[in-house]
Amino acid sequence: MNVPGPRVRIFDTSLRDGEQSPGFTMSSAQKITFAHALADLGVDVIEAGFPNSSPADFRAVQTIAREVRATTIAALARCHPGDIEACARALDGAASPRIHAFISTSPLHRRFKLNMSREQVIEHAHRGVTLARTHVDDVEFSAEDAFRTEREFLVEVFNVAVAAGATTLNVPDTVGYATPDEIRALFQYLRANVKDADGVVFSAHCHNDLGLAVANSLAAIEGGARQVECTINGIGERAGNAALEELVMALKVRGGWFGVETGIDTPKLLETSRLLSRITGNQVQRNKAIVGLNAFAHESGIHQHGMLKNRDTYEIMHPRDVGWPDSQLVLGRHSGRAAVVNRLRALGFVLDDAKLDQLIADAKALTHTQHVVSDADLLRLVTGNPDDAGWRIDSMSLIDEGQHTRAHVALSNPDNHTVKRDAQGDGPIAALFAALAKATGVDFELESYEVHSMGTGRDARGEANLSARIGGESFSGQGTSRDVLEASAIAWLDVANRLLRSHAMQRIPAFA
Ligand code: KIV
Ligand code: ZN
């Protein structure tokens, strides 16, 4: 048995396993847009869908197969002639088509899902792969619930699939039950026992029910897997699949340990993650590895001090390597003097000790009412420019107009005059933000928008957090209210006010 080569293929299934999970459905047009982004990112295989599941999925796979030429396009099929023929038709004309045929192999699935004997499963696998090979040269065979399948039976099924012409053998941990040591050992066993193991690629497909999908995929690679199936942001059935961005960066950052490489253009990871969030309307959590807002943000004084001396103290990769412009030293309640001095220096100020003490005290006071002290806040404190209260809400109302919602807002502007505007949107939030943009004359694209409820019953309040990236700077805003829509409007105005202040400051020549 040879040691497999150092290249690990990245098989992305965001458009199939990811898309089939609740809350992540995409239209055909969205799937096509995302397929182009995956190709630009450099994935080796895009699993574009399950053509026999719906006419829309068929059309999406067909269009992706015709438009995306530099990447292998896979389509999923049960080992049923109808599914396989649908894949073949949808992939017709693809530059590099793959049919991915699967059948469940575990005792539980054989008995309760398929009602089939071992022999029948083997027969279906054989027929499915054989038929797929009459259409394409590249056939992947998956043994669904492989991890909970008897090992010797798994070898038997895989031997049949290889004899019928499968070129990739996929080993799904369908229910996310494995641990890293077990899955490493399973891959070693399969590579030692499947006939012609050196002539096929072993693939891992790990689900995240115990939060182990990435760890298990890495262990599978140690055991000899040379394809990993994953999704952007870890989307997928239930708790999701292995997150592509985490897997790829683990292989890159710990290259010395794993000794393998991928073809992923890692600086495109963040934009690909953001695109998926925009398409599906699901933001990643703030503390998500690689692509979460906090992934390269530091607030505590001790960490900021370390970062200012040497970034390696608290970062194991450069943010630019995954698409962030830079790390962020966030000035908040936990920040220390060193970070404030550093931020001021970047803004062109060197203060004497007394002024600095006063400024730090003022900045800390600000954190009682806002989470983060922005550059605009610092400038305002340094220049002594008395804070204008900015734009404030006097009243707001929303009217359901059937297909659309109309929002009316009355705001007080910084000069204390009232401005009233209304706007239409697809839903209440879109209408509200459009009306606020009209009234203030400020517009921006949101980077993130989250609403949480705090407390319960009569004390319940909504908290909205927004952020927008404008001209390389991040502006975040927060609002709380009994009404989540009002909380959202306050948060939106918080961002707008910060943005206006920062632009006003930039116009002061000494600070330009
Ligand atoms: O999780 C799973 O077993 C699957 C297969 C269809 C590959 O998604
Ligand atoms: Zn799956």
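Index from 1, following the sequence.
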Is R110 close enough and on-axis enough to F153, meaning under 6.0 Å and within 45°, for cation-pi? yes
Got a sec: does the CD of E445 have more than 12 other heavy atoms crowding it under 6.0 Å? no
P6 to G259 - nearest heavy-atom pair and separation: CB-O, 3.8 Å
So does R320 get a backbone contact from the side chain of H318, meaning a donor-acceptor N/O pair under 3.5 Å? yes
With E19, which residues qualify under salt bridge (charged side-chain N to carboxylate O under 4.0 Å, His left out), at least two apart? none
Taking NZ, NE, NH1 and NH2 as the nitrogens, is one of them in E229 or R16 under 4.0 Å from a carboxylate oxygen of the other? no
Only residue of V157, N170, I99 satisfying side-chain contact (heavy atoms from CB on, under 4.5 Å) with F141 is V157
Side chain to side chain donor-acceptor pair (under 3.5 Å) contacts in which one or both residues fall within residues 86-97, not counting sequence neighbours: T72-S96
Residues in salt bridge (charged side-chain N to carboxylate O under 4.0 Å, His left out) with E447, at least two apart? R274
Can you list everything that forms a ring-ring contact (aromatic ring centres under 6.0 Å, His included) with H207? Sequence neighbours excluded, please. H205
Non-neighbouring partners of D17 that pass salt bridge (charged side-chain N to carboxylate O under 4.0 Å, His left out), sequence neighbours left out: none
Answer yes or no: are there more than 12 heavy-atom neighbours, outside E152 itself, under 6.0 Å from its atom CD? yes
Keeping the roles fixed (side chain from N216, backbone from I183), state whether a donor-acceptor pair exists under 3.5 Å. no
Just to verify, what does K288 make a side chain to side chain contact (heavy atoms under 4.5 Å, CB included) with, not counting sequence neighbours? A243, E245, E246, V284, Q285, V291
Describe, in one word, how the ring planes of F50 and F102 are oriented to each other, choosing from parallel (under 30°), tilted (30 to 60°) and perpendicular (over 60°). perpendicular
Donor-acceptor pair, side chain of T167 and main chain of V139, under 3.5 angstrom: yes
Please identify each residue that fulfils side chain to side chain contact (heavy atoms under 4.5 Å, CB included) with N193, with sequence neighbours left out. V155, Y189
Partners meeting side chain to side chain contact (heavy atoms under 4.5 Å, CB included) with D44 (sequence neighbours left out): R7, R9, I10
Applying side chain to side chain contact (heavy atoms under 4.5 Å, CB included), can you list everything that pairs with H109, at least two apart in sequence or on another chain? S104, S106, K113, E144, D145, R148
I'd like to know if the side chain of S14 pairs up with that of D12 as donor and acceptor (distance under 3.5 Å, no hydrogens or angles considered). yes
Presence of salt bridge, R118 and E150, under 4.0 angstrom: yes
For the residue pair F158 and F202, categorise the inter-ring angle as parallel (less than 30°), tilted (30 to 60°) or perpendicular (more than 60°). perpendicular
The complete set of salt bridge (Lys or Arg N to Asp or Glu O under 4.0 Å) pairs with one or both residues in residues 253-265, sequence neighbours excluded, reads D265-K268
Can you tell me if E85 uses its side chain to pair, donor with acceptor, with the backbone of G82 under 3.5 Å? no
Solution key, residues 32-41 side-chain donor-acceptor pairs under 3.5 Å, sequence neighbours excluded:
unit_1 : atom_1 : unit_2 : atom_2 : d
T33    : OG1    : A29    : O      : 3.0
H36    : NE2    : E67    : OE1    : 2.8

So, N233 versus S273: side-chain donor-acceptor pair below 3.5 Å or not? yes
Sort and list the pairs that fulfil salt bridge (Lys or Arg N to Asp or Glu O under 4.0 Å) and have at least one residue in residues 199-214, not counting sequence neighbours. D209-R238
Identify the residue among H100, R98, R226 that makes a side-chain contact (heavy atoms from CB on, under 4.5 Å) with T168. R98
